[in-house]
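Take a look at the structure below.
The model shown is predicted, which means the values in this text are computed figures rather than measured ones. FYI, side chains are in, hydrogens and waters are out, and symmetry mates aren't considered; it's all heavy atoms of this structure. The residues of the chain are indexed from 1 along the displayed sequence.
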Amino acid sequence: MTKTTAKYWIEHLNLQAHPEGGYFKEVYRSDEQLDLKALPNRYNGGRNIATSIYYLLESGQVSHFHHLHSDETWVHITGDALTLHQFVPAVGYRKTILGKDLLSGQTPQHTIIRGTHFGAASNGSYTLAACFVAPGFDFQDFHFSEKELLLQEFPAHKPQIEELDRFFK
């Protein structure tokens, strides 16, 4: 098998530029909806039960810090490991390495709990992951994180926030 590249996956999966950085393609959106009455107050309308995408980051690209109203599970598909930087409300800074080398502490799957400010970067030439969101993703629930607000909410983690400056849009 020929060594695959980011370009290979971008072309063959028909990935498009994502507003948060990197490339994506939605591959699943449930055909059933959750009614607004069944959802917590943070939602302003009904949502699909679940959604999923392919998501690819090339070397040098980042997924800019953002947060969602729903939980999002990341699964490593191929390529190099990826670092997820997370600022979890009431917990603090967490770093997760998404990859397949379990002996070095990587994990092939990680769930980011709603409201967590997070960003990501590939640890090599590229990373291809799958991302699953439930209740399903809607751009109304997507918000870029602001550095000043993170500094206020996580003052003990000012060094990490300053170090991760390139992750802010």
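Scanning for side chain to side chain contact (heavy atoms under 4.5 Å, CB included) contacts around H76 gives L98, K100, T127, with sequence neighbours left out. Taking the ring pair (Phe, Tyr, Trp, His ring centres under 6.0 Å) definition, one finds that H66 meets it with F118, F142, sequence neighbours left out. Listed by chain and residue number, F65, H85 satisfy the ring pair (Phe, Tyr, Trp, His ring centres under 6.0 Å) test with F167 (two or more places apart in sequence, or in another chain). In this structure, H110 has no ring pair (Phe, Tyr, Trp, His ring centres under 6.0 Å) partners at least two apart in sequence or on a different chain.
The salt bridge (Lys or Arg N to Asp or Glu O under 4.0 Å) analysis of residues 65-80, with sequence neighbours excluded, yields the pairs D71-R114.
Aromatic rings of W74 and Y55 (six-membered ring for Trp) have centroids within the 6.0 Å cut-off, being under it.
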When the side chains of residues 10-19 are checked against the rest of the protein, which donor-acceptor pairs come out under 3.5 Å, sequence neighbours left out?
unit_1	atom_1	unit_2	atom_2	d
H12	ND1	Y8	O	2.9
H18	ND1	E20	N	3.0

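A chain of hydrophobic side-chain contacts below 4.5 Å, direct or via other Ile, Leu, Val, Met, Phe, Trp or Tyr residues, connects L150 to L164. I77 and L57 are not part of a single hydrophobic cluster, where members link through side-chain heavy atoms under 4.5 Å apart. In terms of hydrophobic clustering, with Ile, Leu, Val, Met, Phe, Trp and Tyr side chains grouped at heavy-atom distances under 4.5 Å, L84 and L128 are assigned to different clusters. F144 and L68 end up in the same hydrophobic cluster when Ile, Leu, Val, Met, Phe, Trp and Tyr side chains are linked at under 4.5 Å.
Considering all non-hydrogen atoms of both residues, G45 and L39 come closest at O-CD1, 3.5 Å. Heavy-atom minimum distance, L36 versus Y43: CD1-O, 3.5 Å.
A side-chain N or O of Q140 and one of N44 form a donor-acceptor pair less than 3.5 Å apart.
The number of heavy atoms from other shown groups lying within 6.0 Å of NZ (K169) is above 12.
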